Number of protein chains: 4
Amino acid sequence: MRTQPMHPSAQNARTAALLDRFRSVREATLRFTAPLSPEDMMVQSCPETSPVKWHLAHTTWFFETFVLCEFVAGYQSFDPHFRSLFNSYYRAVGEMPEKKLRSSFSRPSLDQILAYRRHVDAAIERLLCCIPDDESQRRIILGIEHEQQHLELAATDIKHAFFTNPLHPAYASARLRSQPLAGGLSGTAFAEAIAPPLLWLSFTPGSPLRPGIVEIGANLDPHELQAFVFDNETPRHCVYLAPFQLASREVTCAEYLAFIEDDGYSRPELWLSEGWDAVQANAWQAPLYWVRDSSTPSGWSVFTLLGFLPLGQISETPVCHLSYFEADAFARWSGYRLPTEFEWEYVATAGEDGLDRQSGAAPKEEPGSGRSLNNFIESGQLHPQPASVSLTQPQQLFGDVWEWTQSPYTGYPGYRPLPGALGEYNGKFMSSQMVLRGGSCVTPEAHIRATYRNFFPPSTRWQFSGLRLARDAS
Amino acid sequence: MRTQPMHPSAQNARTAALLDRFRSVREATLRFTAPLSPEDMMVQSCPETSPVKWHLAHTTWFFETFVLCEFVAGYQSFDPHFRSLFNSYYRAVGEMPEKKLRSSFSRPSLDQILAYRRHVDAAIERLLCCIPDDESQRRIILGIEHEQQHLELAATDIKHAFFTNPLHPAYASARLRSQPLAGGLSGTAFAEAIAPPLLWLSFTPGSPLRPGIVEIGANLDPHELQAFVFDNETPRHCVYLAPFQLASREVTCAEYLAFIEDDGYSRPELWLSEGWDAVQANAWQAPLYWVRDSSTPSGWSVFTLLGFLPLGQISETPVCHLSYFEADAFARWSGYRLPTEFEWEYVATAGEDGLDRQSGAAPKEEPGSGRSLNNFIESGQLHPQPASVSLTQPQQLFGDVWEWTQSPYTGYPGYRPLPGALGEYNGKFMSSQMVLRGGSCVTPEAHIRATYRNFFPPSTRWQFSGLRLARDAS
Amino acid sequence: MRTQPMHPSAQNARTAALLDRFRSVREATLRFTAPLSPEDMMVQSCPETSPVKWHLAHTTWFFETFVLCEFVAGYQSFDPHFRSLFNSYYRAVGEMPEKKLRSSFSRPSLDQILAYRRHVDAAIERLLCCIPDDESQRRIILGIEHEQQHLELAATDIKHAFFTNPLHPAYASARLRSQPLAGGLSGTAFAEAIAPPLLWLSFTPGSPLRPGIVEIGANLDPHELQAFVFDNETPRHCVYLAPFQLASREVTCAEYLAFIEDDGYSRPELWLSEGWDAVQANAWQAPLYWVRDSSTPSGWSVFTLLGFLPLGQISETPVCHLSYFEADAFARWSGYRLPTEFEWEYVATAGEDGLDRQSGAAPKEEPGSGRSLNNFIESGQLHPQPASVSLTQPQQLFGDVWEWTQSPYTGYPGYRPLPGALGEYNGKFMSSQMVLRGGSCVTPEAHIRATYRNFFPPSTRWQFSGLRLARDAS
Amino acid sequence: MRTQPMHPSAQNARTAALLDRFRSVREATLRFTAPLSPEDMMVQSCPETSPVKWHLAHTTWFFETFVLCEFVAGYQSFDPHFRSLFNSYYRAVGEMPEKKLRSSFSRPSLDQILAYRRHVDAAIERLLCCIPDDESQRRIILGIEHEQQHLELAATDIKHAFFTNPLHPAYASARLRSQPLAGGLSGTAFAEAIAPPLLWLSFTPGSPLRPGIVEIGANLDPHELQAFVFDNETPRHCVYLAPFQLASREVTCAEYLAFIEDDGYSRPELWLSEGWDAVQANAWQAPLYWVRDSSTPSGWSVFTLLGFLPLGQISETPVCHLSYFEADAFARWSGYRLPTEFEWEYVATAGEDGLDRQSGAAPKEEPGSGRSLNNFIESGQLHPQPASVSLTQPQQLFGDVWEWTQSPYTGYPGYRPLPGALGEYNGKFMSSQMVLRGGSCVTPEAHIRATYRNFFPPSTRWQFSGLRLARDAS
């Protein structure tokens with residue numbers, strides 16, 4: 001399959017591109033954390049989260065452990081203690097501290113972690129300058145994707161940390177005062193935007209010869225170098241899908257408020273049994289970050305990375321920070337349902353909506369404008385935005401909010417995890433979790449694609465998770 | 001669809017048959033509980049279980065609530081307090097006591113519960129003698145199926161209760177002394193039986209015109225009267241299945257012991273992350289009911305409804321009382337995998353193995369012998385038995401042990417729960433549970449069928465749950 | 001000290017008296033449990049309680065373990081499994097089951113337990129007929145006292161069990177229909193009775209030569225035979241007490257209702273920190289067994305061993321089923337305080353109130369009437385009763401409700417537990433518990449005395465526990 | 001009582017002295033925290049502890065809330081949010097955040113907290129320059145004592161934080177390298193020191209006229225200005241004490257090791273029931289901070305504020321970080337007992353050992369040397385030290401380790417808490433806690449006195465808590 005050796009100059013170009021990408025991703029992480037103090041980066045406010053400093057260290061550990069220690073002869077580790085200290089859950093690598101202890105890691109200091117990053121960055125850059133073999137390049141790519149995941153987690157974790165702090169500091173407040181968000185809507189813009197009406201787009205999967213049969217998953221070998229996919233996106237395989245309809249955009253806060261005001265949180269018949277238990281146990285009455293506030297017309301304020309906003313100001317934006325149970329209950333209340341992950345992927349990769357069907361990648365920019373069509377972390381919005389109007393294409397498939405699907409997270413037929421410790425990356429979480437699709441407003445744009453499968457337990461709320469409705473074809 | 005009215009004599013015959021079935025199922029429950037004292041029937045030994053007395057009452061409540069109160073004008077309830085007292089989880093019916101309080105129901109006494117049963121039985125019989133309308137017949141059928149489920153639960157719950165009691169009484173010991181188990185193997189028979197070698201049977205689903213496409217689920221309207229299926233077995237729908245192989249029989253205790261002795265419970269790489277957490281939290285080292293016992297050659301004794309047996313005596317029987325996590329870890333250790341519920345159903349309904357493909361029902365008897373091929377509760381064995389030899393047909397698909405599949409429990413495409421409170425029967429549990437197929441040695445034979453879907457959380461162990469291996473076609 | 005051997009006939013008389021007492025106490029237990037079914041005796045409704053059947057067995061186990069097995073050569077135990085099965089917490093005797101498993105002891109059946117009682121009773125009676133040595137007589141006496149404690153526990157435990165049952169059966173209802181409570185007040189009598197006004201009785205402890213010095217504790221050797229005291233009542237020792245005043249009677253329900261209506265349960269300044277945490281965690285709004293009931297004038301109904309009664313009917317009876325935290329908060333709210341256990345004992349053993357100061361025993365009967373002055377279990381009331389009027393003597397010191405004192409439970413100076421396993425009886429609980437004094441309406445009269453120290457953790461509410469106020473001398 | 005107005009110059013001198021003391025204590029806190037980074041001061045490693053930054057803020061809040069807001073007209077608070085943010089548990093002041101949220105207070109930053117301290121310090125100094133009235137002086141003194149308590153807590157909390165960090169940083173390591181500990185023993189000194197033999201010192205309390213009667217508690221009015229005591233040290237009252245003997249020094253690590261090696265942690269008969277439960281639940285096998293370490297001769301290393309030390313190096317120092325349960329079990333094992341708090345106080349205030357009986361203060365210095373006899377935080381040792389030799393006087397009564405007494409923490413007869421919110425300081429914790437006496441190696445010397453009562457729940461281990469033995473006079 002790879003019998004033809006690559007021409008040296010092509011190799012040069014490829015590693016040069018990889019070096020650029022490595023630098024860009026590592027810098028993006030630092031840029032995001034720049035407004036945070038060393039103290040901010042210590043906070044671990046709930047069991048799901050980690051301190052931001054830990055994210056800075058763990059992503060570095062990943063490169064050191066899986067690239068430098070394995071592929072660089074004579075590599076001198078920055079500090080041998082870090083091998084266990086910053087291991088998250090890779091048991092094949094060795095021991096690791098309990099997750100909840102991460103908030104006690106005042107040492108190493110942030111300065112030391114930044115030095116650790118520089119040490120590892122330099123080693124990776126040296127490696128890339130020597131045209132490393134394919135496997136080490138693959139590992140570097142995996143490390144880049146891993147860093148992007150943790151950049152998103154840093155954003156969701158600091159949001160939770162600041163919400164937990166009774167002073168409720170805003171991530172973006174200092175920044176807002178000094179410089180406008182790059183391309184970001186102001187609060188006023190939120191207030192003026194109106195989400196377009198929800199339309200139902202119809203899909204009839206399959207071909208005349210093979211009605212209902214679609215191919216799902218990435219057709220790349222996960223061990224291949226060219227384009228990256230996670231092992232859990234493979235192998236590409238056939239799935240039978242009946243005709244269905246998908247909503248043209250995500251569900252908005254205003255729509256979700258109607259559910260709340262129709263006593264949605266008090267009617268057990270709308271909920272899965274496990275979901276109703278969660279509502280009772282946690283006294284849920286609204287999405288995470290919604291706080292009753294009689295000083296606003298809607299009666300609610302919503303905590304965001306830009307601080308508290310009156311609900312009225314963001315009522316047309318996609319509702320987010322929902323558990324699967326809330327997404328499911330809302331769908332039942334509405335009379336519709338959540339899509340399966342296969343329906344979602346089918347729409348995201350094949351249709352009339354201008355997506356690049358071959359690569360399954362998210363569309364990069366508005367034709368002729370150089371401006372992204374999607375709201376990813378690069379937009380600087382740090383919050384979902386109202387959908388655009390379109391009569392024919394689904395909006396917001398990528399970015400804004402992760403969309404809960406009705407699909408439990410399992411291995412695809414023939415799924416094989418990566419060998420060794422890296423096999424623990426995705427495969428061992430295949431129970432009691434649900435698949436989310438499409439990325440969010442804090443996902444790096446280059447990280448997401450149509451075959452990408454995110455997954456969380458159904459009670460999870462601290463991610464930017466919302467929903468899109470579906471229904472069976474009539 | 002039902003435009004042709006049924007001829008009166010046919011109606012008579014149908015309700016007469018239903019009456020027979022009703023009586024038979026109600027009697028079966030009482031027969032099973034006969035060796036138990038009123039005190040035995042009070043025990044609730046873990047959160048999953050209920051007291052046997054509660055099962056006697058709750059199944060009666062089901063007939064009273066969903067048949068008599070709705071379809072019999074002027075029905076006088078036995079005791080109006082029972083409407084909430086014996087409600088399990090039907091919120092649309094009203095309030096219910098916390099499950100854990102069931103062990104405090106010393107009143108009503110067992111005598112009163114038996115009187116309650118007679119009261120309701122008489123009313124149902126009167127109703128059936130008057131040729132009730134279709135909907136009330138449907139409800140009676142549902143009540144019969146419900147009673148069968150609770151008969152199985154009574155068996156698993158009293159097993160756990162007796163294991164919890166430090167004296168470890170045996171359900172069957174008194175009976176064993178007075179009368180032989182009908183058709184049951186003695187302990188000696190266990191010891192002599194050898195499970196046949198595990199063979200791989202190959203399946204290539206679909207037709208030449210539609211390769212890979214199979215129909216899954218019951219093609220009956222769940223609201224139809226003729227044959228019963230649960231709402232969660234419908235609608236019948238297409239699924240794509242790649243060629244696969246299925247083991248000819250269930251995994252035995254001896255095979256599972258090899259996993260234990262190969263340190264299966266100490267190697268995190270074999271386990272799902274959530275499963276490993278369960279192993280650690282509960283200090284699992286073997287299936288439920290296996291107890292280290294240096295007095296036996298194998299070093300283990302196993303608690304059964306017949307009391308403790310040395311593992312050596314049952315080593316060729318299917319291993320049971322496994323959680324999904326253990327079944328999954330064993331499969332990973334073996335190099336194979338669990339089947340999907342669709343693979344299982346495909347095999348159980350179509351093939352060369354003599355099953356009645358049209359009805360999807362379990363084969364009733366050995367040709368010409370009048371003896372059931374399968375080990376259900378009616379066999380009186382009360383424990384799984386070694387497989388028979390067959391070179392061409394899968395053995396033990398029905399009875400012996402429930403087989404964990406790798407399929408999470410979800411609604412089929414287009415699934416609609418029953419209307420009203422009965423919609424809470426199956427639909428609201430569709431999260432964080434896994435599907436099991438085929439019934440067990442304590443399932444009533446008439447209750448099971450090829451499309452039947454059982455479901456439990458993956459950490460569940462008190463059911464007779466085991467596994468069968470599968471693998472992709474090479 | 002015991003140099004003079006006792007005359008044979010005196011010995012005979014002594015053992016004959018002991019035999020009478022043994023029979024009487026054993027019969028009292030059975031008489032109390034007579035209205036209960038075997039199923040009732042299985043219920044264990046909260047961690048503090050045990051099934052009544054277990055009490056029947058454990059008290060028997062106590063005689064078997066500490067008397068028969070040690071002092072009767074060749075004694076054949078009824079069932080060797082019982083030695084560990086019915087051990088409560090005596091680690092020196094051996095292993096014991098977890099307390100919460102007691103509700104799984106359907107076997108041995110009640111019939112077997114009753115046979116166990118008869119077996120042990122016969123052996124004890126045989127032993128007593130042979131004039132046993134002093135130590136075995138001492139052990140039998142201890143067993144009698146132990147049985148009396150468990151009779152009280154059986155009463156409090158079945159009360160909790162019946163309250164937990166959603167049908168709320170009444171212990172006394174069947175009995176009430178068939179025969180009047182011996183000397184018991186009817187519901188009407190409750191309603192008519194008015195508690196006398198609370199008076200302050202003054203005490204100046206000590207003598208002119210030794211002001212403030214009182215002797216506390218029993219002056220008997222706990223190893224002596226003559227009169228029984230527990231080890232924790234010894235040694236008698238000096239305590240300094242300043243002058244104080246004690247309320248003439250216990251606090252009534254009506255008085256406690258005023259605390260509730262003054263928002264007592266919502267004002268943290270009235271509570272110990274640990275008590276306020278308990279209020280919040282358990283959502284306490286009233287004593288245990290008080291249930292809001294808009295159908296009664298007071299708005300409350302109270303569950304008793306006679307079933308639910310409107311609060312108005314018992315408002316003049318002592319409030320009971322209070323935790324220490326509630327008793328303490330009430331006292332703080334009232335402007336007074338709880339007495340110390342030393343103040344209480346001083347009053348109960350020395351003064352002008354007609355108590356027998358020498359023995360410190362509870363007064364046995366109204367002079368010339370043959371009727372007990374106190375409300376113990378023998379009264380058949382099964383609930384505290386209003387105080388009588390007295391201008392000079394404290395009422396209700398004995399019986400009605402246990403009185404929480406402000407004294408933590410510790411060993412007296414020079415305290416030595418009994419040797420061996422019996423040393424675990426009282427000594428090992430001397431942390432984080434508070435002393436209660438005086439017995440309750442379900443205490444056997446012969447069990448209580450002025451030096452008797454009961455003890456429970458401060459959050460305990462299922463005992464008949466109330467309070468009496470005290471204050472410093474002005 | 002205070003009818004004579006003080007002469008102005010005396011007032012000047014008194015407030016000048018108070019100002020000195022205020023400055024000195026506030027500076028001591030900052031000096032202790034100087035080696036810590038802002039990140040170190042964020043860690044909250046268990047529920048008992050708080051972040052050091054929080055201690056810096058809360059002590060400042062105390063001065064602002066109870067002095068400046070109440071006694072300085074027109075005082076401008078530094079930040080109005082701090083009133084609730086840094087409230088610990090004073091419900092009368094208003095709401096407060098849950099304790100566990102303190103680790104999320106990345107904002108305000110350490111810099112802001114230090115500015116807050118300067119703001120409040122300046123205001124207090126201005127107030128003191130104006131000769132404030134007595135009540136505000138009293139409050140400032142209370143704030144000083146409060147600050148001293150939190151300095152000790154900062155030391156114990158950072159010790160726990162550094163132990164929790166898998167890198168186990170040492171508080172003193174940087175300091176050790178740059179400058180010698182003022183008067184501190186080096187590691188070598190530890191190793192050479194030998195604790196003197198344990199002697200029994202006899203005490204016969206009381207006078208010939210009033211044998212056994214001693215006065216306990218401070219005879220100062222807690223509302224008086226002259227000398228400070230906490231409300232819980234008053235009122236002074238009589239207690240009866242029998243003759244007893246007290247050990248001449250605290251129990252050493254070597255002595256405690258003998259208990260461990262005699263299977264002390266495996267013998268339930270040595271433990272209180274609640275203590276044995278704690279041993280089992282927490283798998284205690286040694287004091288907190290003892291870690292098995294096969295690289296040292298003793299098999300143990302002990303974490304200290306100076307880092308890990310081999311047990312052998314500190315075996316002659318007092319054992320510390322014991323729970324009450326461990327202290328009690330050790331005493332039972334040894335055949336002796338713990339002293340009561342009254343015995344302890346009696347010895348510490350009256351005898352032949354050179355203590356200042358009038359004030360009950362700890363002895364300040366070695367006669368003629370200017371060097372303190374005791375090991376307080378000012379010694380810079382930061383760990384208990386071996387006792388000195390004395391044949392007649394008890395050693396280590398003050399400093400080194402807090403000594404668990406057998407006395408539960410209750411109010412003295414006639415105890416009245418301070419009025420208002422300050423009444424929550426000590427009184428509301430009077431349940432389920434035990435008294436400790438004498439201060440530790442991280443207590444400020446000026447803070448402790450003979451009547452001082454510290455208190456903690458009996459399972460507490462993170463304080464420098466050890467024990468001294470006592471026994472009854474033979």
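In what follows, every chain begins at residue 1, and chains take the letters A, B, ... in the order their sequences are listed. Just so you know, these numbers come straight off a predicted model, no measurement behind them. Heavy-atom basis, side chains included; hydrogens, waters and symmetry copies ignored.
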Worksheet item: Would you call F66(B) and H146(B) a side-chain contact if the rule is heavy atoms closer than 4.5 Å?
Response: no
Discussion item. With chain C as the partner, which of K53(B), E98(B), R102(B) has the greatest number of non-hydrogen pairs under 4.5 Å?
Written reply: K53(B)
Worksheet item: Looking at side-chain heavy atoms only, is the closest gap between D40(B) and V52(B) below 4.5 Å?
Response: no
Discussion item. Measuring only between side-chain heavy atoms, which start at C-beta, is F63(C) closer than 4.5 Å to R26(C)?
Written reply: yes
Worksheet item: So which of P97(C), S109(C), S106(C) has the largest heavy-atom pair count under 4.5 angstrom toward chain B?
Response: S106(C)
Item to complete: Pick one of side chain, backbone, both or neither for K100(B), based on which atoms fall under 4.5 Å of a heavy atom in chain C.
Response: neither
Worksheet item: Is there a side-chain contact between R83(C) and S77(C) (heavy atoms, below 4.5 Å)?
Response: no
Worksheet entry | Residue part contacting chain C, namely of P38(B), when any heavy atom lies under 4.5 Å | both
